[in-house]
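A quick write-up on the structure given underneath.
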Amino acid sequence: MDKHFWITDQRIDINDCISKVTRAEAGAVNTFIGTVREFTKGKRTLYLEYQAYASMAEKKLTQIGEEIAAKWENTETAIVHRVGRLEISDVAVVIAVSTPHRNDAFEASRYAIERIKEIVPIWKKEHWEDGSLWIGDQKEKISYKKGVPVEEDMRND
């Protein structure tokens, strides 16, 4: 795949993401790999379900890559986020950032995951032993107790 920023319903190939940013002038490649954890605030998660407004999500991921390029000189970024049903320990998101020096790679990678949670239209449904709940935004400030997000919730520009 030629894209550096994409949404997929397939298992994520971490090495594919890393290879998109690996280059001779980079002395550091930092990767962030977000996985599905079993326990959140004491509740046992059985699995997660992610949905996205894919075309808008890819635009927002691209925007994050542009923001990183503007903030840290000579960076290359690739980001992929998975949608669909994910089991415990499955990879949900991979961010790969290469820079000439390691500190910038660490900072840019953290910036990317925080911005994903802020601006990318991806919704998560948590399935626990005792029920389920849609999480409206990845900062977990909005939830949809009666079901899936409605259309106006999917607008995020």
Side-chain angles (χ1 to χ4, degrees), residues 1-22 28-65 67-68 75-99 102 105-156:
M1 177 178 290
D2 291 336
K3 291 181 175 181
H4 275 57
F5 306 97
W6 73 104
I7 300 295
T8 184
D9 62 357
Q10 303 297 309
R11 188 174 292 271
I12 294 174
D13 179 350
I14 296 166
N15 289 324
D16 178 47
C17 201
I18 292 170
S19 70
K20 292 179 183 301
V21 302
T22 301
V29 175
N30 185 286
T31 56
F32 173 83
I33 303 167
T35 59
V36 178
R37 69 174 169 257
E38 185 174 11
F39 288 96
T40 301
K41 299 175 186 168
K43 285 183 98 167
R44 183 169 183 241
T45 300
L46 301 176
Y47 64 93
L48 297 180
E49 184 180 342
Y50 285 100
Q51 290 187 6
Y53 176 10
S55 61
M56 179 59 75
E58 289 179 347
K59 287 179 184 172
K60 291 299 185 179
L61 294 176
T62 302
Q63 175 186 327
I64 293 167
E67 290 172 4
I68 288 171
T75 59
E76 190 72 40
T77 304
I79 304 171
V80 56
H81 201 294
R82 189 170 166 193
V83 294
R85 179 178 168 145
L86 279 72
E87 306 298 328
I88 303 303
S89 300
D90 278 353
V91 174
V93 61
V94 173
I95 300 165
V97 180
S98 69
T99 63
R102 68 179 177 276
F106 283 124
E107 288 180 11
S109 182
R110 181 177 184 94
Y111 178 85
I113 191 62
E114 296 302 328
R115 289 294 284 157
I116 289 169
K117 290 178 176 280
E118 288 174 359
I119 68 168
V120 180
I122 296 172
W123 300 273
K124 175 175 69 174
K125 187 172 187 178
E126 300 232 15
H127 294 268
W128 303 298
E129 290 177 309
D130 61 348
S132 62
L133 179 68
W134 277 100
I135 305 298
D137 66 320
Q138 292 199 43
K139 290 231 174 204
E140 300 186 7
K141 293 180 180 171
I142 301 169
S143 65
Y144 306 103
K145 295 183 182 191
K146 294 185 177 181
V148 299
V150 294
E151 187 172 334
E152 61 262 22
D153 296 320
M154 297 177 143
R155 294 190 191 123
N156 185 4

Handout entry: Atom pair CD1/CD1 of Ile33 and Ile95 - distance to nearest 0.5 Å
Key = 10.5 Å

Handout entry: Inter-residue atom distance Lys60.NZ - Gln63.CD, 0.5 Å rounding
Key = 4.5 Å

Problem - Close side-chain approach of His81 to Val93, heavy-atom, < 4.5 Å - result: yes

Exercise for the section: Please work out whether the ring planes of Tyr47 and His127 are parallel, tilted or perpendicular, with thresholds of 30° and 60°. Expected result: parallel

Problem - With Glu38 via side-chain hydrogen bond (donor to acceptor under 3.5 Å, both in side chains) - residues at least two apart - result: Arg44

Handout entry: Shortest non-hydrogen contact between Val21 and Glu76, atoms and distance
Key = CG1-O, 3.5 Å

Handout entry: Close side-chain approach of Val80 and Asp16, heavy atoms under 4.5 Å
Key = no

Practice task
Would you give the length of the straight line joining atom CG of Asp130 to atom NZ of Lys43, rounded to the nearest 0.5 angstrom?
Solution key: 4.5 Å

Practice task
Please tell me if the side chains of Thr77 and Phe5 come closer than 4.5 Å, counting only heavy atoms from C-beta onward.
Solution key: yes

Exercise for the section: Determine whether Leu61 and Trp6 make a side-chain contact, defined as any pair of heavy atoms from C-beta on separated by less than 4.5 Å. Expected result: no

Problem - Counterpart residues, side-chain hydrogen bond (donor to acceptor under 3.5 Å, both in side chains), relative to Ser109 (two or more places apart) - result: Asn30

Handout entry: Residues in side-chain hydrogen bond (donor to acceptor under 3.5 Å, both in side chains) contact with Ser98, at least two apart in sequence or another chain
Key = Arg23

Handout entry: Closest non-hydrogen atom pair between His4 and Lys20, with its separation
Key = NE2-O, 3.1 Å

Handout entry: Worked verdict on Arg11 versus Val91 for side-chain contact (heavy atoms from CB on, under 4.5 Å)
Key = CA-CA 7 Å; Arg11 188 174 292 271; Val91 174; over 6 Å; no

Practice task
Please name the pair of heavy atoms, one in Ile64 and one in Ala112, separated by the smallest distance, quoted to 0.1 Å.
Solution key: CG2-CA, 3.9 Å

Exercise for the section: Indicate the atoms forming the closest heavy-atom contact of Lys124 with Leu48, along with that distance. Expected result: CD-CD1, 3.8 Å

Exercise for the section: Rounded to the nearest 0.5 Å, what's the gap from OG1 on Thr8 to CD on Glu58? Could you check? Expected result: 9.5 Å

Fill in the blank from the handout: Heavy atoms of Val94 and Ile14 approach each other most closely as CG2-CG1, 3.9 Å

Problem - Criterion side chain to side chain contact (heavy atoms under 4.5 Å, CB included) against Arg82, the qualifying member of Ile12, Ile7, Ile122 - result: Ile12

Problem - Salt-bridge present (Glu118, Arg115; N to O < 4.0 Å) - result: yes

Exercise for the section: Please report the closest heavy-atom contact between Ala96 and Cys17, naming both atoms and the distance. Expected result: CB-O, 3.8 Å

